[in-house]
Amino acid sequence: MDQGLAAVLGASVGLAGALGAATLTYIATRKQAADQGLVEFKRSLRSERREAYLAFIRATEDLHPVLVALGWHGQVSAEESPMGRAEQISTLRSLVRDLYRLQAQIDLVGPTEISRAAIEVWGRIADLRSALEREQAMGHGGSRSRALDVALDSLEDVRETFSATARRVLETPF
């Protein structure tokens, strides 16, 4: 009977060991699959973020002709620029609309800090458009007011902040 009991106990231990090994293998395989899925998700998110940030930055490049026309940083005087105030305002109006749409994409891919930076850029360009509209309504022709200079400087600051934040987000490992 001792041999029979030993055989049953040995078989039970063997079966328990086999079941334990199978369970651990199953858990490890599921964990590996989940980890691989997470890595793929993060890679996809980084790619989506990069595309959204680049689209936003590229859209802000449409601002350059307006800055040149305003004689910002001495690029050209307002009198030498072929772009009039009405065209500057129209360009800014389109840019504000485009950036609003792109900012919605940035909201989706995040994170919050880059969304805030995008909103700041969008808001400063809208402020610049408003300043130009006020100047046009007041008949300031080609000259620049102090308010317009402040709007331009503020815009450059938030554009740099957006770019720096985008770099930081993309360079930070998940």
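Positions are given from 1 along the sequence. Here the structure is a predicted model, which is why all the values come from computation and not from measurement.
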Gap separating the CG atom of Asp62 from the NE2 atom of His64, nearest 0.5 angstrom: 11.5 Å
Under 3.5 Å: donor-acceptor pair, side chain of Trp122, backbone of Val96: yes
N/O donor-acceptor pair under 3.5 Å between Ser154 side chain and Val150 backbone: no
Transitive ILVMFWY side-chain link Tyr53 to Leu45, under 4.5 Å: yes
Arg93 and Glu133 ion-paired at < 4.0 Å: yes
Test item: Arg49 side-chain N/O and Gly110 main-chain N/O as donor-acceptor pair under 3.5 Å: yes
Distance-only polar pair, side chains of Ser47 and Arg50, donor-acceptor under 3.5 Å: no
CD-OG distance between Glu113 and Ser115, expressed to the nearest 0.5 angstrom: 9.5 Å
Atom of Ile57, atom of Ser163 and distance for their closest heavy-atom approach: CD1-OG, 4.1 Å
Validation row: Asp107, Thr112 side chains within 4.5 angstrom (heavy atoms): no
Side chain Ser90, main chain Ala86, donor-acceptor under 3.5 Å: no
Of Thr91, Asp127, Ile89, the residue whose pairing with Leu132 passes side-chain contact (heavy atoms from CB on, under 4.5 Å): Ile89
Rounded distance (nearest 0.5 Å) linking atom CZ of Arg129 with atom CD of Gln88: 14.0 Å
Same cluster (ILVMFWY, side-chain, under 4.5 Å), Tyr100 and Phe162: yes
Heavy-atom pair with the smallest gap, counting every atom of Ala118 and Phe56: O-CZ, 3.5 Å
Common cluster, Leu170/Ile114, ILVMFWY with side-chain heavy-atom separation under 4.5 Å: yes
Salt-bridge present (Glu120, Arg124; N to O < 4.0 Å): yes
Those residues that, when tested against Glu160, pass side-chain contact (heavy atoms from CB on, under 4.5 Å) (two or more places apart): Glu156
From CD1 (Ile106) to CD (Gln103), nearest 0.5 Å: 6.5 Å
Leu95 side, atom CG; Leu99 side, atom CG - distance, nearest 0.5 Å: 4.0 Å
Short N-O contact, Glu40 and Arg43, less than 4.0 angstrom: yes
side-chain contact (heavy atoms from CB on, under 4.5 Å) against Ala151, all qualifying residues, sequence neighbours excluded: Leu128
From CG (Asp98) to CD1 (Ile125), nearest 0.5 Å: 10.0 Å
Minimum-distance pair of heavy atoms, taken over all atoms of Leu67 and Arg159: CD1-NH1, 3.8 Å
